[in-house]
Structure formats: structure tokens, C-alpha cells
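Input: a single structure, listed below in C-alpha cells.
Remember, it's a predicted structure, so these values are computed and weren't measured experimentally. Computed from heavy atoms alone, side chains included, the values below leave out hydrogens, waters and symmetry copies. Read the numbers this way: they start at 1 and go in the same order the structure lists the ligands and their atoms.
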Amino acid sequence: MLMILSAWASVLPTVLVAPAKHMWTLATSQGFLITLLSLSWMYLQNFNFANPLFLIDKISGPLAILTCWLFPLTMLASQSKMRLEPISRQRAYILNLTFLQLTTLLAFSTPDLMLFFIFFEASLVPTMIVITRWGAQERRLEAGMYLAFYTMLGAIPLMIWITKFYYTHGSLLPTLTHTLHITQAATNYPGLFWAIYNAAFLVKLPMYCLHLWLPKAHVEAPIAGSMILAGTLLKLGGYGILRTSPLLQENNLAQTLPIMLIAILGILATALLCLRQTDLKSLIAMSSVSHMNLVVAAVLISSPWSYSGAMMMMIAHGLTSSALFCLANTSYERTNSRTMILLRGMLLIFPLAGTWWLIVMLLNMGLPPSINFVSEIIIMLSLFNWSPVTFLIVALNLIFTTAYTLYVLWATQRGPLPNHIKTLFPYQIREHLLLFLHILPGFLLILSPVSII
Ligand SMILES: *[C@@H]1O[C@H](CO)[C@@H](O)[C@H](O)[C@H]1NC(C)=O
């Protein structure tokens, strides 16, 4: 683990000393190399590694690998736009992304709750810099403000609780403390306690009602920001809930019912909202919220089965939504527009890209053999086990998801070409490679979904 962390840290000097011509190539290839090394968590250590400094287990391992995997892909994705900028700004961009990579990996792999909290918050800083410095429009500052305020206000109760936990139990290592019998002063409102304690994670995830920062941040962020935000930063929230749940007092579902209701209505509401979006990026962001609310519902059920579903959903969603943002970005780089009505008829010009759109949208919808489907089914089965009515409501979500999938495909691929589109430069091999590498892990995981749960 330390080896891989130092390998990531070594990207920093590489970028600092690399000649301008080879900087992107070097950073990308180094990223791929380290990602290959990081697969050793899966194959050599079998997600079972703990020492006082690092902890890689079934919850953090897959997410850590996902984090490593996405970094070289962000490098691939942001090249064409960034090459137009002065070289010092390009350097600062890669440095900030590497720094973000380090903080996220540390947050996933540290066993200590306080350190987890610190890295969880530290990842906010490079994210904000990337959004507010390299965003496309004026409103990026507003998006950065939303991001910072939502996250930091949510984090206050968590910090108070962590401090109190340390005072009463003398340790913040979940590996040590979850075997202890935790005697907490029983609160009168355990559901409310659960929500407030988890507020930091629910904001990050984001739960419906706390999600307003997300579409803004996604719309304003540059491509690498969007990819990392959807791919790993949202997962920090889910990881936090899964990681700390053994430390909390047992809840039964009757107590957390209001949160469950919000999550389930959120799944439906955001899927419906997707149908009314005109902006491609904010549609993808809304569909992320819908998928993440399924994760909230799954962790509220809190059975081993639903936890597996939540884990799988996070991995599957990390790959597909990142791929969707890449696709949206390829259109954006060509037309400078995210409005779907101005992007019609792409199938006529870019048939191969049309295939990518189809594959990725179908994965996002949860087409049967994919892990997206498996995770959705696992979560829905555990919901059914709890209450058949909820299952019916969530099943409606399938219809809405199909509807907005069709809507996106229709709006971007079909129809007459808008008149203003005169010249578009063709797809590069880099972009095809980028999409292929997003889809590849998803297809490989179909062969063995158990390896990540
Ligand atoms: C991130 O970007 C800012 C603004 O360009 C720059 O000043 C800073 O040094 C960068 N951070 C890192 C860790 O490189």
C-alpha cells in the first residue's frame, strides 16, 4: 500500500520535471503502470491487508482500485482541452489532480476514523480548485461555494461525534472497536441521530434534498473534475456510511423510515427530473443522484446482502457515469454546447461514437448481464424482502430510467442535423481508447461479480 502511495506521489516530480512535450504522455503512462500495480490488492492480497497505517478490505479495496483506474483516464480525457493552455497551468492542473488522487486514496485506505475524516475533507480542496480554476463559465465560483458549504456544514456533526467517540472508547480504529460492545447512551430519536451523524456522507453521496450542489458542480467542472466527482468522490460518502455503520447503535428500519422514504422518493423524483433536463451534463448528474439514492436505500436496509448490492452499485456507477461524462465531453469539445437540442443527429456523423453512446447508456440503465443490473437486482431484492410496496415503487424507477435513456439517445443521436453544425473534427483514437477502457472493467466484472463484493 505504501509502495503504491509513494508511486502516486512520484507522479508529482515526474510532472514537475517532464519536458512540456511529453508531460501528458508520461503522466498517463505512469498512471496506468501504478494502476496495474494496484490490482495486486485484488490478486495477491485478496482484499485482505491490514497494518497500523493502512487497511484494504472488501469495502475499501474495490473503491481504491477504482480510484487508481480513473486517474489515467482523466489524463486521457482532459488532454485536448488543456493543451491549449500555458504550460504552467497544465502543470498545476495535473499536480492538483494528483494531489486529489492521493487524498482520496488515503481516505479509502486509512484505518483511523479521524484520519479518514481529515482526508475526506482534504479532498474538497483540490476539487474546489479544479472546479473554480478550470471550469468553463462564470458560474463556476457559485458552484464551488455550493460544494464547499454543503460539504463543510454536513461535516460538523460527524466531527463532534468522532471526538466524543474517541473520548469514550479511546480508539478510532473500526477494526478494534467493532468487536467491543458499544454502549451508547440511547437517544430518543435514533433515526434522527443516524441522519445527523451521517449528514456528511449523505451530503457527499448525495441523498435527495441534499443534492443541490451536485448538478451545479458537474455542469461547471472541467471534464476531469466531473469524472472524479462522479467516479470516486461520491463513493467516499457511501464508503463512509458502510465503514462506520458497525460503530453505531443498531437501528431498526422503523426508526429510519423517514430517511428511507426520502431516498425512495428521491430515486423516482430524480429519474423523472432527468426527463425534463435540457443540459446533457446536468441530466447525467441527476441520473447519478438517482443511482446513489438506491445506495442510500440499500445501506438503510443494512443486511449483508444489501451492503453487497451497495458496493457493487458504487463500482458499476463509478465506471458508467464517468464514461457518460466523457461522452458528453467529446460532444462538448466539438460543438461547445451541452444543450441537447443543439447536439442532434450525431449518429449520422459519428456512427462509432453512436455505438459507445448506446453501450454506455444501456449499461447505465442496467441491461441484464452487466454488473449495474446485478447490483440493482440485489438492492431491489433486499428492498422486496423488507416491504413489497417499496419494491413496487422502486420498480417504477426502471420504467423512468428506460424512458430517460431513450430520451438521451433520441435527443443526441437521432433526428436531423442542426444547421449550425458545419465542421466537426473526427474522433481520435485517444477518445475511443478512453471509452473502451471505461467499459472494459465493467465487462470483465460480468465474468466474476463476486470479486468485488
Ligand atoms: C493547484 O492549482 C493552484 C492554482 O492554479 C496552484 O496554485 C497550486 O499550486 C496547485 N496545487 C498543487 C498541489 O499543485
Side-chain angles (χ1 to χ4, degrees), residues 2 4-35 38 64 67-110 115-149 151-152 155 204 213 216-233 236 325 329:
L2 190 61
I4 293 186
L5 270 183
S6 33
W8 280 117
S10 75
V11 176
L12 298 171
T14 309
V15 174
L16 277 177
V17 299
K21 216 173 126 204
H22 299 299
M23 187 173 63
W24 287 94
T25 332
L26 277 176
T28 315
S29 41
Q30 196 168 356
F32 273 122
L33 205 66
I34 307 171
T35 307
S38 77
T67 315
C68 290
W69 182 249
L70 283 180
F71 176 82
L73 297 188
T74 56
M75 291 287 115
L76 274 181
S78 38
Q79 279 181 22
S80 63
K81 202 88 185 168
M82 294 303 293
R83 272 191 203 273
L84 308 176
E85 299 204 353
I87 185 74
S88 57
R89 287 192 61 178
Q90 295 183 24
R91 281 221 165 94
Y93 183 73
I94 306 186
L95 290 182
N96 271 311
L97 284 184
T98 317
F99 185 59
L100 177 57
Q101 175 79 359
L102 281 175
T103 49
T104 329
L105 260 187
L106 279 169
F108 278 134
S109 61
T110 175
L115 281 178
F116 168 69
F117 178 76
I118 291 172
F119 291 124
F120 178 79
E121 292 299 312
S123 67
L124 183 65
V125 178
T127 319
M128 258 195 71
I129 294 181
V130 166
I131 290 181
T132 51
R133 186 89 164 82
W134 283 278
Q137 307 166 52
E138 294 299 310
R139 299 187 60 189
R140 61 184 190 256
L141 294 178
E142 192 190 318
M145 291 279 276
Y146 265 73
L147 174 67
F149 272 87
T151 317
M152 299 203 343
K204 201 78 178 185
W213 61 273
K216 280 184 196 294
H218 270 311
V219 166
E220 304 302 328
I223 171 66
S226 292
M227 283 169 69
I228 299 221
L229 200 56
T232 49
L233 291 183
L236 271 178
F325 277 115
N329 184 56

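Between Gln30 and Ser10, the side chains place a donor N or O and an acceptor N or O closer than 3.5 Å (distance only, hydrogens not considered).
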Nitrogen or oxygen contacts under 3.5 Å, ligand 1 side and protein side:
from, atom 1, to, atom 2, distance (Å)
ligand 1, 2 (O), Asn96, ND2, 2.2
ligand 1, 5 (O), Arg133, NE, 3.2
ligand 1, 11 (N), Asn96, OD1, 2.8

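The ring-ring contact (aromatic ring centres under 6.0 Å, His included) test applied to Phe120 returns Phe116, Phe201, not counting sequence neighbours.
Counted within 6.0 Å of OH on Tyr146, heavy atoms from surrounding residues, nucleotides or ligands total 12 or fewer; the atom is thus considered open. By the neighbour-count criterion of 12 heavy atoms within 6.0 Å, atom CZ of Arg89 is densely surrounded, having more than that number from other residues, nucleotides or ligands.
In terms of heavy-atom proximity, Ala217 sits nearest to Ile131 at CB-CD1, 4.0 Å.
A side-chain donor-acceptor contact under 3.5 Å links Arg140 to the backbone of Gln137.
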